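Worksheet: the structure to be examined is printed underneath.
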2 protein chains.
Amino acid sequence: MDKEKEILAAALKLFVEFGFHGTPTSKIAKEAGVANGTLFHYFKTKEDLIVGLYIRIKENLNGYLLSKVDDQSTLETRMKTIYEESLQWALIHRDEFYFIQQFHFSPHLAKVSAEDIEKQTRLHVGLLGEGVKSKIFKSLPVGLIGTILGSQLYGVYQYLVSNDLSASKQKQVIDETFVLLWEMITNIKQ
Amino acid sequence: MDKEKEILAAALKLFVEFGFHGTPTSKIAKEAGVANGTLFHYFKTKEDLIVGLYIRIKENLNGYLLSKVDDQSTLETRMKTIYEESLQWALIHRDEFYFIQQFHFSPHLAKVSAEDIEKQTRLHVGLLGEGVKSKIFKSLPVGLIGTILGSQLYGVYQYLVSNDLSASKQKQVIDETFVLLWEMITNIKQ
DNA sequence: CCAAAGACTGACTGATCACTCTATAAAAAT
DNA sequence: ATTTTTATAGAGTGATCAGTCAGTCTTTGG
């Protein structure tokens, strides 16, 4: 692993454990096994490091999701894939997922550029637009559907990590909660 | 307003705007109109101030909810009241609500005692237990119902603050999302 | 009315920390 | 082969900040 990645990995680990303030750059450098100055060779400021870490993590998540979604399948299948795979990714990359949330409630969020945000939400925004346009969703504001979806995902994640379930039980919870969610936001007739 | 309250109000305002790290105690004291040392007369450490602020805010929210819930009404009515009033409170006390979430993703969360947590969740835990026991809820784990409920509340709040709606529109969204939520977690036959 | 306790002040301090600077070594470009 | 660029190091620095301290003012209880 090259030094830049070592630094990012060390920063992630320490930020999650001690918070942004509680983690001096000197400790990050030490944990990464590089000199103090080397950290500032790769990241001009501590804030650059924090924001850079956030963007890379989001890129990883989005890349993973894109690799799992089959463009040919139905909207429901694609949405279920995103829901399921987001949770699976989050369960495997717990520090990364915690960091995302930690970052969202920090003043550093304001430092993310509009285009970076657009890049990160393109996939989700596209699917939601499709659902509304095709009248599969109930006639609710898109933004509302989006936030409900996102927040339920976070909620189910919290449940999964705070209860130590077997892989199959986890899968079952994920499946069941998707059904609940889908019934809630779509016009189904049964 | 006494000095302690001035300090707490100043701390809340500055923490929300600049984060915990970005807010020196000296600025809090200045904003509160007290001397530096006075802050440490009321709160032994900066962390004490942060945790103290969190606990007071939660007490306010819980007190407000308790005053609104009528013990004689049905479970559905009581849950709807809590859902609605939580959102109304959050909309009026935006800094306070943001602070709660900011605090949840900070290392200071670990400093809250088990009994304080119990106090803060008693009301909600009681209602959930009642719903499960009376078979009104679907046969899902209580914890799962609880997190889904909580996360939807946060999600709808996010939607309400990021879209500037009229009071009546807000009420409508709150009512509609409660119906969706209630349908999702209960065994209804219609 | 007095003494003790508590509230309050703000200058001060020791520690910490983000970041710089100088130097050297390695790699790439010419 | 030589210059230029990039990578790495780590000691050093100026600023900042949480928390202290020694003392003054205010309240309260006897």
Side-chain angles (χ1 to χ4, degrees), chain A residues 1-57 95 99 102-103 105-113, chain B residues 1-57 95 99 102-103 105-113:
Chain A
M1 195 149 51
D2 63 23
K3 309 233 166 182
E4 191 181 358
K5 280 191 181 151
E6 293 277 9
I7 292 168
L8 287 165
L12 174 63
K13 184 185 157 190
L14 295 170
F15 284 150
V16 166
E17 188 169 357
F18 304 108
F20 298 125
H21 170 46
T23 308
T25 51
S26 56
K27 274 228 188 82
I28 298 171
K30 205 172 187 183
E31 170 88 22
V34 302
N36 235 303
T38 305
L39 188 152
F40 288 94
H41 173 70
Y42 287 102
F43 303 94
K44 279 229 297 273
T45 66
K46 188 182 183 180
E47 174 140 81
D48 268 15
L49 169 60
I50 294 172
V51 175
L53 181 56
Y54 174 73
I55 287 174
R56 272 157 230 248
I57 288 175
D95 279 356
F99 179 87
Q102 187 183 22
F103 184 89
F105 288 103
S106 82
H108 308 293
L109 177 61
K111 296 283 147 99
V112 181
S113 70
Chain B
M1 195 150 52
D2 62 23
K3 310 233 165 180
E4 190 180 0
K5 279 191 180 148
E6 292 279 8
I7 292 168
L8 287 165
L12 172 63
K13 184 185 158 191
L14 295 170
F15 285 151
V16 166
E17 187 169 358
F18 305 108
F20 298 124
H21 170 46
T23 307
T25 52
S26 56
K27 274 227 188 83
I28 298 171
K30 205 172 185 181
E31 169 88 20
V34 301
N36 232 302
T38 305
L39 190 152
F40 289 95
H41 173 70
Y42 287 102
F43 303 95
K44 279 229 301 268
T45 66
K46 188 183 184 180
E47 174 140 82
D48 268 14
L49 169 59
I50 294 172
V51 176
L53 182 55
Y54 174 74
I55 287 173
R56 273 157 230 246
I57 289 175
D95 279 356
F99 179 86
Q102 186 183 21
F103 184 89
F105 288 103
S106 81
H108 308 292
L109 178 61
K111 296 283 148 94
V112 181
S113 69

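In what follows, chains are A, B, ... by sequence order, proteins preceding strands, each numbered from 1. Nothing here was measured: the structure is a model prediction, and the numbers come from that model. When reading the values below, keep in mind they use all heavy atoms of this one structure, side chains included, and skip hydrogens, waters and symmetry mates.
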For this session: Identify which nucleotide among D:dA9, D:dG19, C:dA7 has an atom closest to any side-chain atom of A:V34, counting heavy atoms from C-beta outward.
Result: D:dA9
Exercise. Counting distance only, does the side-chain N/O of B:K27 pair as donor-acceptor with the main-chain N or O of B:G22 below 3.5 Å?
Worked result: no
Exercise. So, is B:H41 close to the C:dA7 phosphate, meaning a side-chain N or O under 4.0 Å from OP1 or OP2?
Worked result: yes
Exercise. Step by step, would you call B:I28 with B:L49 a side chain to side chain contact (heavy atoms under 4.5 Å, CB included)?
Worked result: CA-CA 11 Å; B:I28 298 171; B:L49 169 59; 3.9 Å; yes
Exercise. Below 4.5 Å, heavy atoms only, C-beta onward: do A:L53 and A:F103 meet side chain to side chain?
Worked result: no
Exercise. So, the side chain of A:E47 versus the backbone of A:K111: is there a donor-acceptor pair under 3.5 Å, distance only?
Worked result: no
Exercise. B:E47 CD to D:dA18 C1': how many Å, rounded?
Worked result: 12 Å
For this session: Could you state the atom-to-atom distance from NE2 of B:H108 to C1' of D:dA18 in whole Å?
Result: 13 Å
Exercise. Nearest to the side chain of A:P24 - D:dG19, C:dC17, C:dT9?
Worked result: C:dC17
Seminar exercise, completed: 5'-most contact on DNA chain C (nearest-nucleotide basis), B:T38 vs A:S26, goes to B:T38
Seminar exercise, completed: When rounded to whole Å, the CZ to C1' distance for the pair B:F40 and C:dT9 reads 14 Å
Problem set entry | Whole angstrom value for the distance that separates C1' of D:dA9 from CD1 of A:I28 | 18 Å
Problem set entry | Lys/Arg-Asp/Glu bridge criterion (N-O < 4.0 Å) met for B:E4, B:R56 | yes
Problem set entry | Comparing B:N36 and A:G33 on DNA chain D - which has the more 5′ nearest nucleotide | A:G33
Problem set entry | A:D48 CG to C:dC19 P, straight-line distance once rounded to whole Å | 9 Å
For this session: Check the distance between D:dT16's P and B:K30's NZ and give it to me in whole angstrom.
Result: 13 Å
For this session: Answer yes or no: does a side-chain N or O of A:K3 lie under 4.0 Å from OP1 or OP2 of D:dA9?
Result: yes
For this session: Please state how far atom CG in B:L39 lies from atom P in D:dA18, giving the value in whole angstrom units.
Result: 9 Å
Exercise. What integer distance in Å separates A:K27:NZ from D:dG10:P?
Worked result: 19 Å
Exercise. Side-chain N or O of B:T25 less than 4.0 angstrom from OP1 or OP2 on D:dC17?
Worked result: no
